[in-house]
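Convention: sequence-line order gives letters A, B, ...; per-chain numbering from 1.
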Amino acid sequence: MTSTTSGPGAEPVLRTTSLAKHYTLRGRGRRRTVRAVDDLDLALVPGTVTAVVGESGSGKSTVAKMLVRLVRPSSGRITLDGRDAGRMNLRAYRKDVQMVFQDPFASLNSVHTIGYHLARPLLNFGRARRGADVAGKVRDLLQRVKLDPQFADKLPHELSGGQRQRAAIARALASEPRVLLADEPISMLDVSIRLGILNLLGELRDTDGLAILYVTHDIASARYFADRTVVMYAGKVVESGTALEVTDQPAHPYTQLLISAAPDPQRIEIVDVSRASSGAASAPTDGCRFRDRCPFAMDVCRQQPPDVAVTPSHTAACWLRVDESQRPASGREAA
Amino acid sequence: MAETSDRPATDAVDDVLAGDRVGGPVPGAAADPLVSEPADPGRPRRRRRTMSGKFVAGLVILGLFVLMAAIGPLVAPYDPSNLGPDVLAPPSWQHWLGTTGTGQDVLSQLLVGARQTLIIGVLAGLIATAISTIIGVTGGFVGGIADDLLSLLSNVFLVVPALPLLIVLTGYLPNGGPVAVAAVISLTGWAWGSRVLRAQTLSIRRRDYIEAARVAGEPGWRIIVFEILPHVRAILASSFLFTVLFAILTQVGLAFLGLVDVSQWSWGVMLYWAQSADALNAGAWWWFVPPGLAVALIGTGLALLNFGVDEFINPRLRSNSLRGRAARDSAGGFTPVVRTDPQPSEVQR
Amino acid sequence: MKFLLRRLGFTLITAWAAISINFFLPRLMPGDPVQLMVARLQQQGAVSPNAMQAMQVAFGLDDHTSLIVQYFQYWGQLFRGDLGRSITFYPSSVSEVIGQALPWTLVLVGVSTVISFLLGTVLGAFIGWRRGSWAETILPLSTFLSSVPYFWMGLIVISLFGAKLGWFPLSGGFDQGIDPSWSSDFVSNALYHAVLPAITIVLSSVASWILGMRNMMVTVMDEDYVLVAQAKGLSRLRVLSAYAARNAVLPSIAGFALSISFVVSGSLLVEIVFSYPGIGYSLYQAVNNEDFPLMQGIFLIITFAVLLANLVADVAYVLLDPRTRQDA
């Protein structure tokens, strides 16, 4: 199905413009605004995988939930084929935009069979009619995620974690979506079966031309699997580019930290940078949010750094990339 | 006003009632990436554990009473309303449970009255549980202003004393049949279940499988009926049993006051006649003891069944589960390191 | 403070709801009973036009004024303490009847409920603490007791301790020969009469406190902070009282709100069995005489009393739970 409408360089199907989500916390009488996501511009292109990388608390899961419209954005726009998502019928929207949840042990209802989980979206999105048609389509879906059709009659607890996640992917495919949002789809799984799930998603990208958003804390798996990588810190994008550029020539100190925490980028394993230092939750809300943890922090970092092009396809939001003469004197507004 | 409906104090109860145990894996177990196959709520195993002694005892007691309600009128030796020559006779071979002040057979009244008593109790339980499900689960699921108003409503009904309200209500209403009585009782008995169901719904409405169902295009009513309700079924059962008990006790009280049709035999009506004929001062214990005892026994059966359900929801309540630890405690002081599993031999003790 | 204010708000809303129910009930119900009652009232003797007018306002027989005007008239009467005339005790007003009966009920039900709560909580804490020991044999008995209708328990208690053993009087609040006063003779006589009803209420209600507290105790005993307290080598009594029971009792106090209306309902029936001169017995007489003004007045007063008891429980909760104080 690979055609001119998919693959890198094609028109994006889903796009966000200055997307933001702010939460107000009310604790001990004091109000505090948490900027889970700020000023996010994202474009998901058919036939490509876009990875959103960040540690826990970076707002990356909120991005996925906003894109599937489980969480209402505070501001900004989501457009599907240029149409404003906020004005679209929810079911029509989700027919095109589907999501795979992080925890396959929690995302399947323990009282329903796998077949039920697959039949419901088939019926809801008008992809099958009641009766034998549904059973056949359920079988097709299971085959596409390489599960035996017999699994249709099983309950979730009879499946292993990897099998459950395949079932969850099958459910997301039922509506024949064009965008698949995968929220840390392998982080809950046994290390030995993670690669199988990623390869399955990769196949779906290639055969169906799916635009996949891959949310992860594991930058090594993003290098393996993604076409483009977006690195988020405390709700803001700090670096974006092709997956190879970002991981092999990281331009932002935070990305460099993430990569240094991964001992071998060729291997897929858990990289839990959040344990190395906890910063994102208490990060400053103005200027560069990484400056408290940054080894190169300067006075100018109190102001919001611009997105600097490292290469035409690679940008980083860091004052280090700005020529010293171009930086504003500290205390003055950035140009 | 929205805030006033919230009640941290009772929420503490809800936290316990709505403990995270009704379904879904233990979060800790699933979060561990090394455990690829965490112990899931293995349903067959759970079902076996539910069959505790209490549960079985409750089932047996209730089974007997249901049987009594079913065949009671058929096997009753006398017409319960028939006036006999033996007045206020103590138990004898002719009248196993003696006779009333007008010579009616107490045993026959007891057997015939079981049906009316049970029908009203179960009917009221069903209506009240339906109301509490609709109000509690919907409120918890929908959230926002609607939830605030609905939980305010159930809190109001929770504190307004039921019996005086029922007395006023039935005082105005003409004496109706069992359905009318059940309906009026359920009007005052739904609030408790509604609170508990709401708390449980609140705790699961943000679970992944609910959100996944939304993403799969499921409409709200289907999420409530097919995704949430199966996970609150234990609470639903517990709330139903509790309400049946409440309904039986309440109808007996209303009948005792003569606020129902006293020509229709039920246990409460028996007590009404016993009271108005001053059975107490006549020393006719056989007249007022059996119906009250029957009510207490049926209540015990319901409560035992409810304990079975409660222990299913919160396994820690089981009385014999930690015998080993209790034995250690009484053996002499606390051992600082107690987090080892009791040895089989200790459990046997 | 904020918590208490919210609770006060809830109390006011509930009180308003109860008053409104009282206002609308006779207007929504089929009219016959009230018509009948007024007719009977007129037969009973000369009813002053004023009293008649008040009754018409209270029961919506006045077709000339609109519902809203009636509603405000009703509130006006309430604030003057005017609940109408009782039919049973004509020409006494409902307020007078309630005023005479209320103290009896408040003392009897109040004291028995507090005793029952304390006794049940202590027993429940002990049983929960000694999980798996002989103490648990009390649980099946509690289960049985909690299912017994209060008034039937009263019948049993009377026939056992009153009729059979003759230890206590069978009925009434005091002996007919003694005039109600604050003399020691009268007070001791009244206390003597109150023993059996009090025992009945305690016996009937204590079981649910035992079971509730035991369940909370069992849950709390598994918490880590209790384990830590044990590991620190604190005395058992201290672990039981300061760590386990203190946390377990919070839901029990919260549960007080859920149970108090049930306890009060049951206690009213106990009064009837004992012909005790309290609100419950007045209610019984009102029911027998289709005395709607008295019935409704009693419903209001009981609701207010329950709401007040709830507020007291809230204050106790705030005193025991530091978390609610922190929010203030």
So side chain to side chain donor-acceptor pair (under 3.5 Å) across residues 266-280 of chain B, not counting sequence neighbours, yields Asp278(B)-Asn281(B)

inquiry  = Could you check whether any side-chain heavy atom of Phe256(B) comes within less than 4.5 Å of a side-chain heavy atom of Pro149(C), counting everything from C-beta outward?
reply    = no

If one checks every heavy atom of Ile21(C) against chain B at 4.5 Å, the contacting part turns out to be side chain

Side chain to side chain contact (heavy atoms under 4.5 Å, CB included) between Val156(B) and Phe10(C), worked out:
CA-CA 8 Å; Val156(B) 167; Phe10(C) 169 72; 4.1 Å; yes

Separation between CG (Leu165(B)) and CG (Asn22(C)), nearest 0.5 Å, reads 9.0 Å

So OG1 of Thr188(B) and CZ of Phe262(C): to nearest 0.5 Å the spacing works out to 10.5 Å

Looking only at Gly301(B), Pro164(B), Gly292(B), Ala274(B), the option with the highest number of non-hydrogen pairs under 4.5 Å against chain C is Gly292(B)

Heaviest contributor of heavy-atom pairs below 4.5 Å to chain C, chosen from Leu245(B), Leu304(B), Ile248(B), Val168(B), is Val168(B)

Practice prompt. Report yes if some heavy atom in the side chain of Trp152(C) is under 4.5 Å from a heavy atom in the side chain of Val289(B); otherwise report no.
Written response: yes

Counting heavy-atom pairs under 4.5 Å with chain C, the top scorer among Val252(B), Leu293(B), Leu271(B) is Leu293(B)

Residues Val148(C) and Leu249(B): closest non-hydrogen pair is C-CD2, 4.3 Å

Whatever's closer than 4.5 Å to a heavy atom in chain B on Ile298(C) counts as neither

Cut-off 4.5 Å, heavy atoms of chain B, and the answer for Leu211(C) is side chain

Residue pair Thr303(C) / Pro161(B), side-chain heavy-atom distance below 4.5 Å
yes

Rounded to the nearest 0.5 Å, the CG atom of Leu302(B) sits from the OG1 atom of Thr143(C) at a distance of 12.0 Å

Whatever's closer than 4.5 Å to a heavy atom in chain B on Phe151(C) counts as side chain

Max heavy-atom pairs within cutoff under 4.5 Å with chain C, candidates Ala296(B), Gly253(B), Gly299(B), goes to Ala296(B)

Honestly, the part of Leu155(C) sitting under 4.5 Å from a heavy atom of chain B is both

(request) Using a 4.5 Å cut-off on heavy atoms from C-beta on, say whether the side chain of Leu257(B) contacts that of Leu269(C). (result) yes

d(Leu152(B) CG, Thr14(C) OG1) to nearest 0.5 Å is 7.0 Å

